[in-house]
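Notes to accompany the following structure.
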Amino acid sequence: MSSLPPRIGLLASGARDAITDVPGVTVGHCTLAEGDVQTGVTVVRPHAGDPYRDKVPAAAVVLNGFGKSVGLVQLHELGVLETPIALTNTYSVSAAAQAQIRQCIAANPESGRSLPTVNPLVFECNDGFLNDIQRMAVQEVHYAEAAATAGDEVGQGAVGAGRGMSCFGLKGGIGSASRRTAGGDFTVGALVLANFGKLPQLVVAGQRVGERLARERANEPGPEKGSIILLLATDAPLDARQLRRVAMRAAAGLARTGSVFGHGSGDIALAFSTAYTVPHLPERPMPALPLLHETRLDDLFEAAADACEQSILHALWRSEAVTGRDGHHRDSLGSLVAGRPSLFQTFT
């Protein structure tokens, strides 16, 4: 059995098979891993500049709204990002949002005075099984560290915001992947914070692996209680309306892994384009470029679905086993399936 998960779909990946295959996108983490504290922050930067002054078009879709994100109302209204995207645990949303506001003020001292206030954008999942979430261990300095260390190489698994996350009753976390459209014209990159699902539901490349594993392991009682955040970046020239359509296709990739978008699951997808920026100041001209025709979106839809499904598998395979709060433990799927080809009888 390979240490890598099965490859999803027919489309080619980018050089890194990560969201950073979309030019300009970078990712940084700050991981807190000590005893009962198993948590962190992940930051996705859409470009190297100041997104408050040079915004990028974006749109989000709420697949199931059991979530506590910050910034979605204005994003829905205006269709742009004006901060990096932050991921963290549920009780650390306010700390990350405050850090984003301070970051904007430091670069733009008139924000909230002669200039408009900034719209922080923070997504969350509940990592309270492994992490003592009541400690509120994540502070502004941890967001700043993740933002400052953002780069092309994407750490995956039990890192950053993914440190304390669980997925299908196993160790979840950060996963990323990318796909090139069939003609090679555009790239779609995905990054997920995977914290959802019950083990019997897990499907890997069409195989009901979770059902087989669940026969050997004690099944956790009660309903599925988790969430997933799915981020999509592309270099295709799209407006916010088109990006919402792309974001919706994250649901296809999510469902193929066995998710049923459970009652207590906060499942949110966001897509943004790096093809152009929208200036903050009216003195600068608005971009004038041809947008992609609607009939060409199918290639992006396929790439988005495959990249999201692959990202979830990467999160599962690349996460190490973690023991956290009160001795709670999550095993790594990668280690469980190693050397067991019978679990993947029909894989090629």
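Counting heavy atoms from C-beta outward, N131 and R325 have side chains that stay 4.5 Å or more apart. Using a 4.5 Å heavy-atom threshold, the side chains of F186 and R296 count as touching. The side-chain heavy atoms of V70 and P120, taken from C-beta on, include a pair separated by under 4.5 Å. Looking at R318 and V159, their side chains never come closer than 4.5 Å, going by heavy atoms from C-beta outward. Using a 4.5 Å heavy-atom cutoff, the side chains of T31 and T39 are not in contact. Looking at heavy atoms from C-beta onward, V246 lies in side-chain contact with L238 at the 4.5 angstrom threshold. Within the 4.5 Å cutoff, the side chain of L81 has no heavy atoms near those of the P51 side chain. Within the 4.5 Å cutoff, no side-chain heavy atoms of F66 are placed close to those of S227.
Other residues, nucleotides and ligands contribute at most 12 non-hydrogen atoms within 6.0 Å of the CZ atom of R244. Heavy atoms from other residues, nucleotides or ligands lying under 6.0 Å from OH of Y91 number 12 at most.
At least one donor-acceptor pair closer than 3.5 Å links the side chain of N64 to the backbone N or O of G262. Not one N or O on the side chain of T257 forms a donor-acceptor pair closer than 3.5 Å with the backbone of V203. With hydrogens and angles disregarded, a donor-acceptor distance shorter than 3.5 Å links the side chain of T234 to the backbone of T187. Distance alone, capped at 3.5 Å, places no donor-acceptor pair between the S259 side chain and the A255 backbone. Remark: side-chain polar atoms of S265 are paired, donor with acceptor, to backbone N or O of G226 under 3.5 angstrom. Between the side chain of H76 and the backbone N or O of V73 there is no donor-acceptor pair closer than 3.5 Å. Using a distance-only test at 3.5 Å, with no hydrogens or angles considered, no donor-acceptor pair links the side chain of Q156 to the main chain of H314. Panel note: side chain N108, backbone E110; no donor-acceptor pair is recorded below 3.5 Å. The closest donor-acceptor contact from the side chain of T42 to the backbone of L87 lies at 3.5 Å or more, if one exists at all. A donor-acceptor distance shorter than 3.5 angstrom exists from the side chain of S176 to the backbone of A190, with no hydrogens or angles considered.
If you check the side chains of T90 and E124, you find a donor sitting under 3.5 Å from an acceptor. Of the N and O atoms on the side chains of S13 and R7, at least one donor lies less than 3.5 Å from an acceptor on the other residue.
For the atom pair OH of Y143 and OG1 of T83, the computed distance is 6.0 Å after rounding to the nearest 0.5 Å. Remark: S319 OG to D331 CG distance equals 12.0 Å, nearest 0.5 Å. Separating the CD atom in E82 from the OG atom in S111 is a distance of 8.0 Å, to the nearest 0.5 Å. The distance from the CG atom of L313 to the SG atom of C308 is 11.5 Å, given to the nearest 0.5 Å.
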Give the intermediate values and the outcome of side-chain contact (heavy atoms from CB on, under 4.5 Å) for residues L121 and Q74. CA-CA 10 Å; L121 187 60; Q74 184 171 309; over 6 Å; no
R208 and Q201: side chain to side chain donor-acceptor pair (under 3.5 Å), yes or no, with the steps? CA-CA 7 Å; R208 301 194 64 85; Q201 299 169 335; over 6 Å; no
After noting the C-alpha distance and the side-chain angles of I268 and L63, does the key distance pass the side-chain contact (heavy atoms from CB on, under 4.5 Å) rule? CA-CA 6 Å; I268 302 173; L63 306 175; over 6 Å; no
side-chain contact (heavy atoms from CB on, under 4.5 Å) for L230 and F123? Distances and angles first, verdict last. CA-CA 10 Å; L230 307 107; F123 295 101; over 6 Å; no
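Taking the six-membered ring where the residue is Trp, F129 and H328 present parallel rings, their angle staying beneath 30° rather than reaching 60°.
Test R330, R163, K171 against E320 for salt bridge (Lys or Arg N to Asp or Glu O under 4.0 Å) and you get one pass: R163.
A salt bridge is defined here as a Lys NZ or Arg NE, NH1 or NH2 lying under 4.0 Å from an Asp or Glu carboxylate O, and D21 with R180 fails to meet this definition. Ion pair R179/E302 not flagged as a salt bridge, since none of the NZ, NE, NH1 or NH2 atoms sits closer than 4.0 Å to an Asp/Glu carboxylate oxygen. A salt bridge does not link R249 to D298: none of the charged side-chain nitrogens sits closer than 4.0 Å to a carboxylate oxygen.
Residues F196 and F168 bring their aromatic ring centres within 6.0 Å.
Across every non-hydrogen atom of A304 and V188, the tightest pair is CA-CG1, 3.9 Å.
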